[in-house]
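See structure below.
Reminder, nothing fancy here: chain letters follow the sequence lines and each chain counts from 1.
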Protein chains: 2
Amino acid sequence: MKPPVIADVARAAGVSVPTVSRVLNGTVPVSAERRARVLAAVRELGFRPNGAARSLAQRTGSMIAVFSGNTTRYGYASTIQGIEEAARQAGYMVVISVVETPDATTVERAIDHALGQPMAGAVVLEFDPAGVAALASMPPWLPAVAAASGGSSDADISHAYMDDRYAAAQATRYLLDLGHSTVHHVAIPSTGTESARLLGWRDALRDAGVPQPPVIRADWDPMSGYDAGAALAKDAGVTAVLAGNDELAVGIMKALADHGRSVPADVSVVGFDDHPLSQLWSPPLTTVRQDFVKLGHQVFGLLLGQLETGDARPSVRMIPDLVVRGSTGRPRTA
Amino acid sequence: MKPPVIADVARAAGVSVPTVSRVLNGTVPVSAERRARVLAAVRELGFRPNGAARSLAQRTGSMIAVFSGNTTRYGYASTIQGIEEAARQAGYMVVISVVETPDATTVERAIDHALGQPMAGAVVLEFDPAGVAALASMPPWLPAVAAASGGSSDADISHAYMDDRYAAAQATRYLLDLGHSTVHHVAIPSTGTESARLLGWRDALRDAGVPQPPVIRADWDPMSGYDAGAALAKDAGVTAVLAGNDELAVGIMKALADHGRSVPADVSVVGFDDHPLSQLWSPPLTTVRQDFVKLGHQVFGLLLGQLETGDARPSVRMIPDLVVRGSTGRPRTA
DNA sequence: AATCCAATGATCGACGCTTTCATATCTCGA
DNA sequence: TCGAGATATGAAAGCGTCGATCATTGGATT
């Protein structure tokens, strides 16, 4: 049992192959009568044009590759969802290419693999070192854009980015304004240089002329937030923490609670991302809301523009906003 | 600037086009010296075979389509990750095709779109009505498998499934054994028939000869769990709740807390899925652990077997296990 | 040294679709 | 009524790759 091809349709409709093609693509007028015959044949046979042949003939694909790290993380999954929605709208399919580590072999393998297929363009999720490496290895002839958090490493490529540096500074200032003498930071893994969130936190502390506590490094696992929180809990001087993301914030809060320090009475905690569960926490988490789905829409829009006009669009900046909930308050002594 | 083609490589290496093809595919012996020249040319030009031409010529793709609902939900995202890992291992790319609703138009569009590309096979995430509908519309010539939770609607297609019915019954019995007089259930959206989780819950209650409270219907949004929890909180007779998933459980627990009922002292709550954050809750959530990543591996294995041997593999059953943490305990009066 | 048999390289179509290009048909104004 | 222009349609030529068929070379055999 094989799928029907265009010749089968042509035969069934009693027309030539190109005529069928013209009806399907609607570029050239076809008489109403033949058009009807063709459409009827298409429906009857359940014909679906062969994408491989199609992209071979018009030397352009209708798929876009998304290079991403672990797709189960909230920010990644949401951004991909946004890209997929926008792509589907525009008639493109999304191919996921996971790049787990930034080493050359892994990156090359992923790119080779993806670009072995007929791709119209690529979106790189430049949220981690692997993304940065992938971006650096993109072949020049492939239209590509990047979604980033806090600026891109590659100025030649247009990108949509969350201004996390600005937002982190804002969140830090908010804590400072509440009366906290300083703010600690538990950082997510960096993209090679320091994460924009860390940079913004540092900016705010510097501008306020406040001492900078040492950065606590965590990985993507919420449990590493727990470990960081446990360390923080032992230091009575800690009254405010900016977490690199909500998962980490949750781990931190749990550790704090387990060590007898209450949130927000003893310690204020601010997260990052506005994870769907963060508002259901006790207390509800104050966090920096990131609209990743919209970021996905935007970055795909950039790519689409590039695909249609041929030249790159200027980058798009998105500003996350602070959502104040129950996990932050004035320090005891203020 | 255009990507190099095989003819460019042949010219650069001073050999014929088929020779390059043979070096690349390694089917027929080629002299060591020419082979070296070809490989050098490939590397230098950055040549990558055109997938469209390739799949057209050998009429088989190296991509597999995954039909899924909203990809940001934990179970979906994790399963897709598992599929992607296994597929990458085996040299396949994963194409995401989101089917948002079960209506014919949406399903047809998604399938048309995906199958327009050269697909080797398809995996359907049969976790919701949209998945069921997608499965029903799969063309017969495409090798397809399904990942399901609690049995598949289609006996002709091999599937890997979590035995949620069994697991839900087990979890319910666990609560009953703790001394609760009955167990309430907040259900996730069903797949057309009732969800396996609901069925298992009902099994356990029936077998125990215990009255079945009315089912509370929720959707995928954690906030709908909150609403359900608020309703439950008003009924003093409620001492145990089996939630359709962890997100819902979190919402329920929050509502319970907001209404002055403590967990687990007043009400025991059991979740489903073992979401990464559920152990960091206060109290840590007792839940039914589902290894979705492994489910993804398994279901891809099924597809791969089918692709290689041509005939379908028997279905694979996976048994989730109950993880007892802090959100459950004996009822006050027991 | 002549013949035959590997071993290896080159030529020649598919594959399914799009896209010139040429042809048949038709319309309309002079 | 006839020719020019417009228009629908068909024939043919790729798109980049792979597989089968042919042609060639070198060496081994007698």
### Task
Answer yes if the side chains of B/T71 and A/E84 hold a donor-acceptor pair under 3.5 Å, and no otherwise.
no
### Query
Once you build an axis from the first five pairs and another from the last five of the helix from C/dA1-D/dT30 to C/dA30-D/dT1, how far apart in angle are they, to 10 degrees?
50°
### Message
So, using ring-ring contact (aromatic ring centres under 6.0 Å, His included) as the criterion, who are the partners of A/F127 when residues are at least two apart?
### Response
A/Y76
### Query
So which of residues 35-48 of chain A are in contact with DNA chain C, with a heavy-atom cut-off of under 4.0 Å?
A/F47
### Partners passing side-chain contact (heavy atoms from CB on, under 4.5 Å) against B/T105 (at least two apart in sequence or in another chain)
B/D103
### Message
Nearest whole Å is fine: how far is C/dA14 P from B/L56 CG?
### Response
14 Å
### Query
Any idea which of C/dC15, C/dT8, C/dT18 is nearest the A/R54 side chain?
C/dT18
### Message
Would you say B/R34 places a side-chain N or O within less than 4.0 Å of OP1 or OP2 belonging to C/dT8?
### Response
no
Tell me which donor-acceptor pairs under 3.5 Å the side chains of residues 12-19 of chain B have, and how far apart each pair is, sequence neighbours excluded?
unit_1 : atom_1 : unit_2 : atom_2 : d
B/S16  : OG     : B/T19  : OG1    : 2.9

### Message
Using the side-chain contact (heavy atoms from CB on, under 4.5 Å) criterion, which residues pair with B/A57? Sequence neighbours excluded.
### Response
none
### Message
For A/F47, give me all partners under ring-ring contact (aromatic ring centres under 6.0 Å, His included), at least two apart in sequence or on another chain.
### Response
none
### Task
With sequence neighbours excluded, tell me which residues meet side-chain contact (heavy atoms from CB on, under 4.5 Å) with A/Q58.
A/R54, A/T60
## Note on the structure
Which of A/D164, A/V299, A/L295 passes side-chain contact (heavy atoms from CB on, under 4.5 Å) with A/M318? It is A/L295
### Query
Among all residues two or more places apart in sequence or in another chain, which pass the side-chain contact (heavy atoms from CB on, under 4.5 Å) test with B/E108?
B/D112, B/S137
### Query
Does the distance from a Lys or Arg side-chain N to an Asp or Glu carboxylate O, for A/E308 and A/R313, drop under 4.0 Å?
no
### Heavy-atom contact window of chain B on DNA chain D, given 5' to 3' at under 4.0 Å
D/dG16 to D/dA20
### Between C/dT18 (P) and A/L24 (CG): distance, integer Å
7 Å
### Task
Identify, residue by residue, the members of residues 4-22 of chain A with a heavy atom below 4.0 Å from DNA chain D, and return them in order of residue number, or none.
A/S16, A/P18, A/T19, A/R22
### Message
Could you work out, with side-chain hydrogen bond (donor to acceptor under 3.5 Å, both in side chains) as the rule, every residue matching A/H113, not counting sequence neighbours?
### Response
none
### SB check B/K294 B/E85 (cutoff 4.0 Å)
no
#### Entry: Spacing of A/N50 atom CG relative to C/dC15 atom C1', expressed in whole Å
8 Å
### Query
Between C/dG9 and B/S31, is there an OP1 or OP2 to side-chain N/O distance shorter than 4.0 Å?
yes
### Message
Under a 3.5 Å cutoff, is there a donor and acceptor pairing between the side chains of A/S158 and A/S315?
### Response
no
